[in-house]
Amino acid sequence: MTNPEIAELLRKVSAAYLILGENRFRIIAYDRAADSIEHLTSEVKDYWDDKKLEDIPGVGGGIASNLDELFRTGKSKHWVSVLGKVPEAIFPLLLVPGLGPKKAYALVKELNLTSAKTVIADLEKAAKAGRIAGMEGFGEKSQSVILEAIATYKRGAIKENRMPLPYADQIAREVMAHIQMGGNVEKINALGSLRRQVSTIGDIDIAVATNKPEEVLKHFLTFPHQKIIDRGPRGATMLLANGRQVDLRVQTPEAYGAMLQYFTGSKNHNIQLRSLALEKGLSLNEYGIKNVKTGKVKEYRTEEAFYEAVGLSYIPPELREDKGEIPAAKSGNLPDLVEAKDMRGDLHTHSSYDLQSSHDVGKNSIAELLTQADRLEYSYIGFSDHNPRANQPEAEIIEIMKKRRDAYDRAYEAWIQKNKSTLKFFLMCEVDILPDGRLALPEKAFTYVDAVIVSLHSAFTQERGQATKRLVTALTTNPKVRILGHPTGRLLGSREGVDADWQEVMSVAKKHDIALEINAYPDRLDLPDVLVYDAVKAGVKLSIDTDAHAAEHMLLMPYGVSVARRGWATKRDIVNCMDYNNFRTWLLKK
DNA sequence: GCCGTTTTCGGCCCGACTGTTTTCAGTCG
């Protein structure tokens, strides 16, 4: 059973308990466990194998013993019996927006909907026939709301269409620039997942501190190519021509800190924070902090002051995911996160030099990439063109690589003469990992590179054991392999990454001192943040690279840095934060 | 059912919104 399946099962049990009138904290416990399992980076089954189910946050003795039975026998008798007490037709209805367990149960019961398969269509029929309006607790309005929700559900809007962070960031910047042009803006920030720099973003939320909310809102709504959805005294919502929704919230500067904190989330971070505050007799909300005894609400201008008021140091938004940041802030052990300015080089760039690769070559010349690296004030750059097509004679490939070495050396010398820069370069190569783990570059061709990045570009659907073996083989066959490029191979919104035993891959990477890449290319953002977190904990080194296929792509580095920050990485975890000499020693293993 | 640098028992996040009610239940983030 996979993690999503287990999470779904726990949510069903929770829903059943809710209908059955079970203790509400037991219900919350099941939801929390489901939530936790959904965000886990390892398989629950692996925890079970290791007899460590109770190490999963939110899983205690009760849920663990049922999971144990589930893995041993294929089912938990207790859960089967709980689920058996409610009609199974309610479960599909929970996916319809606005329908929770109670309403779903009432509908299924009253309208006698028995088939889980057809329940949504059946409900739609009943609503159209006007049979819902007369039910107790429902009315005309809820009947039409249900019809709309079913339509939304059918359109697939339920699976929210999230966009990669860099695209959302671009849109947000444009809208924020527009808001600022209107004036009266004291402070402006993104909110929610965008502020936390999550790799995929749903809606874009923006906050403004202002003493003239009316005017800020008015100007916001003059943004071109949009449709106004909603506006009130505290905020407004518009739909852009590209189908993206943007929310603006306004607040006075005196109370801005509390609002910023509240709407930045994450939800679980805020839940933990409020629990902690409650122990101190404080109740947190979006307007400030209430003293439970006196009922007085105090406003906060900044988040720093807000966190300080609950006894914590400031927690960077990227860490607010309930992954231990609150205890760390309490004890003063928050990591000193890597910043964009710490980057000393970009190791994964593709120039337009044609070495007869089967993949894309870059758009810009060697000189143009050197110039861009210089502009970014890097100390060094790595050129990592794709390997030559592997289906040609070995001697020819070696010859291509030899020629390439000469061409790069000459181009670099010429550029240095002209530009009087101290920029250094490494001649690398991005080598395909073949399905069996061998590398798509002959052994002898390695002579003509300083180091290589190995990457998956095919066979992404291998089963776990095979994929793991493939990666391990690739990392251990040649000492010049120094980096595993875009490790999972995922493409946001279009391709799942390869399923591998990352713990195993990381332990091999650690043993051979190989870095896992955080690829900053917008659709990749790979290694994913949750695995970065594991890598940092395991002491595995990382590199952050743009995979630039054009000079302008090198500007995308900050998105890779944001992934690293979400994984709790400091600059000591990142190889290309080292100065030239140290990095050279590391790369060349001397 | 879970959980613990004030607890192994006694707590458990908070408010907005909506529609149905006449004080509240359900859902959502």
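Numbers restart at 1 for each chain; the letters A, B, ... are given by sequence-line order, proteins then strands.
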S.K.: Determine the Euclidean distance between corresponding C1' atoms of B/dC14 and B/dC9; express it in Å to zero decimal places.
M.R.: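 These two C1' atoms come out 25 Å apart once rounded.
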
S.K.: Which part of the nucleic acid does A/I63 contact within heavy-atom distance under 4.0 Å: base, sugar-phosphate only, or nothing?
M.R.: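 The residue A/I63 makes sugar-phosphate contact but no base contact.
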
S.K.: Determine the contact category for A/Y17: base if any of its heavy atoms lies under 4.0 Å from a base atom, sugar-phosphate if only primed atoms, P, OP1 or OP2 are that close, otherwise nothing.
M.R.: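 A/Y17: backbone/sugar contact only, no base atoms under 4.0 Å.
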
S.K.: In sequence, state the C-alpha distance, the side-chain angles, and the governing distance for A/E504 and A/R464, and then conclude on salt bridge (charged side-chain N to carboxylate O under 4.0 Å, His left out).
M.R.: CA-CA 11 Å; A/E504 170 70 11; A/R464 193 181 172 91; over 6 Å; no

S.K.: Between B/dT18 and B/dG11, how far apart are the C1' atoms? Round to whole Å, please.
M.R.: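 That atom pair is separated by 31 Å.
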
S.K.: Consider ring pair (Phe, Tyr, Trp, His ring centres under 6.0 Å). Of A/W79, A/Y105, A/Y30, which one does A/Y17 pass it with?
M.R.: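 The passing option is A/Y30.
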
S.K.: For a quick check of understanding: with a heavy-atom distance under 4.0 Å over all strands, which category does A/S331 fall into, base, sugar-phosphate or nothing?
M.R.: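 Nothing: the residue A/S331, judged by heavy atoms under 4.0 Å, touches no strand.
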
S.K.: With sequence neighbours left out, write down each residue that passes side chain to side chain donor-acceptor pair (under 3.5 Å) with A/D68, or none if nothing qualifies.
M.R.: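 A/D68 satisfies side chain to side chain donor-acceptor pair (under 3.5 Å) with A/W48, A/R72 once adjacent residues are dropped.
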
S.K.: Name the nucleic acid region contacted by A/L273, choosing base, sugar-phosphate or nothing; use a 4.0 angstrom heavy-atom cut-off, strictly under.
M.R.: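 Nothing: the residue A/L273, judged by heavy atoms under 4.0 Å, touches no strand.
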
S.K.: What interatomic distance, in whole Å, is found between P of B/dT20 and the corresponding atom of B/dA25?
M.R.: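 That atom pair is separated by 16 Å.
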
S.K.: Which nucleotide, if any, forms a Watson-Crick or G-U wobble pair with B/dC28, using both distances under 3.5 Å?
M.R.: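 Pairing partner, where one exists within any strand: B/dG15.
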
S.K.: Specify the glycosidic conformation (syn or anti) of B/dT22, with syn defined as within 90° of 0.
M.R.: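 Anti for B/dT22; the angle lies over 90° from 0.
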
S.K.: With sequence neighbours left out, what residues match A/T237 under side-chain contact (heavy atoms from CB on, under 4.5 Å)?
M.R.: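 In terms of side-chain contact (heavy atoms from CB on, under 4.5 Å), with neighbours along the sequence ignored, A/T237 is linked to A/I229, A/D230, A/Q245, A/D247.
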
S.K.: Between A/K102 and A/G58, who's closer to the 5' end of DNA chain B by nearest nucleotide?
M.R.: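 Here A/G58 is the residue nearer the 5' end.
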
S.K.: More 5' along DNA chain B: A/N285 or A/S142, using each one's nearest nucleotide?
M.R.: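 Of the two residues, A/N285 wins.
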
S.K.: Tell me, please, the opening and closing nucleotides of DNA chain B, 5' to 3', among those with an atom under 4.0 angstrom from a non-hydrogen atom of chain A.
M.R.: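 Result: B/dG1 to B/dG29.
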
S.K.: P atom, B/dG26 versus B/dT21: distance in rounded Å?
M.R.: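 One P to the other, the span is 13 Å.
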
S.K.: Distance only, no hydrogens: is a donor on one side chain within 3.5 Å (strictly under) of an acceptor on the other, for A/Q503 and A/D46?
M.R.: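 No, because no side-chain N or O of A/Q503 sits under 3.5 Å from a partner of the opposite role on A/D46.
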
S.K.: Looking across every strand, which nucleic acid part, if any, lies under 4.0 Å from A/L284 by heavy atom: base, sugar-phosphate, or nothing?
M.R.: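 If one applies the 4.0 Å heavy-atom cut-off, A/L284 turns out to touch the sugar-phosphate alone, with no base involved.
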
S.K.: Relative to each other, are the rings of A/H269 and A/Y307 parallel, tilted or perpendicular (30° and 60° limits)?
M.R.: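 Tilted: the ring planes of A/H269 and A/Y307 meet at 30° to 60°.
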
S.K.: With P as the reference atom in both, quote the distance from B/dT6 to B/dG1 in angstrom, rounded to an integer.
M.R.: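 That atom pair is separated by 29 Å.
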
S.K.: Could you tell me how far B/dG19 sits from B/dG10 if I compare only their P atoms? Round to whole Å.
M.R.: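 It works out to 43 Å between them.
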
S.K.: Using a heavy-atom cut-off of under 4.0 Å over every strand shown, decide if A/F263 touches base, sugar-phosphate, or nothing.
M.R.: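 Nothing: the residue A/F263, judged by heavy atoms under 4.0 Å, touches no strand.
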
S.K.: Is the backbone N or O of A/E299 less than 3.5 Å from a side-chain atom of A/E254, with the two atoms forming a donor-acceptor pair by type?
M.R.: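 Checked: no pair found.
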
S.K.: Classify A/K267 by what it touches in the nucleic acid, base, sugar-phosphate, or nothing, heavy-atom distance under 4.0 Å.
M.R.: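 Base, at least one base atom sits under 4.0 Å.
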
S.K.: When you compare B/dC13 with B/dT8, how far apart are their C1' atoms, in angstrom units rounded to a whole number?
M.R.: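 My reading of the C1' atoms in B/dC13 and B/dT8 gives 23 Å.
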
S.K.: Base, sugar-phosphate or nothing for A/F138? Non-hydrogen atoms, less than 4.0 Å.
M.R.: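 Sugar-phosphate only.
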
S.K.: Can you give me the closest heavy-atom contact between A/L525 and A/P166, atom names plus distance?
M.R.: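 A/L525 and A/P166 have their closest heavy atoms at CD1-CD, 4.0 Å.
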
S.K.: Students often get this wrong, so: under 4.0 angstrom with heavy atoms, is A/G265 touching a base, only sugar-phosphate, or nothing?
M.R.: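 Touches nothing.
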
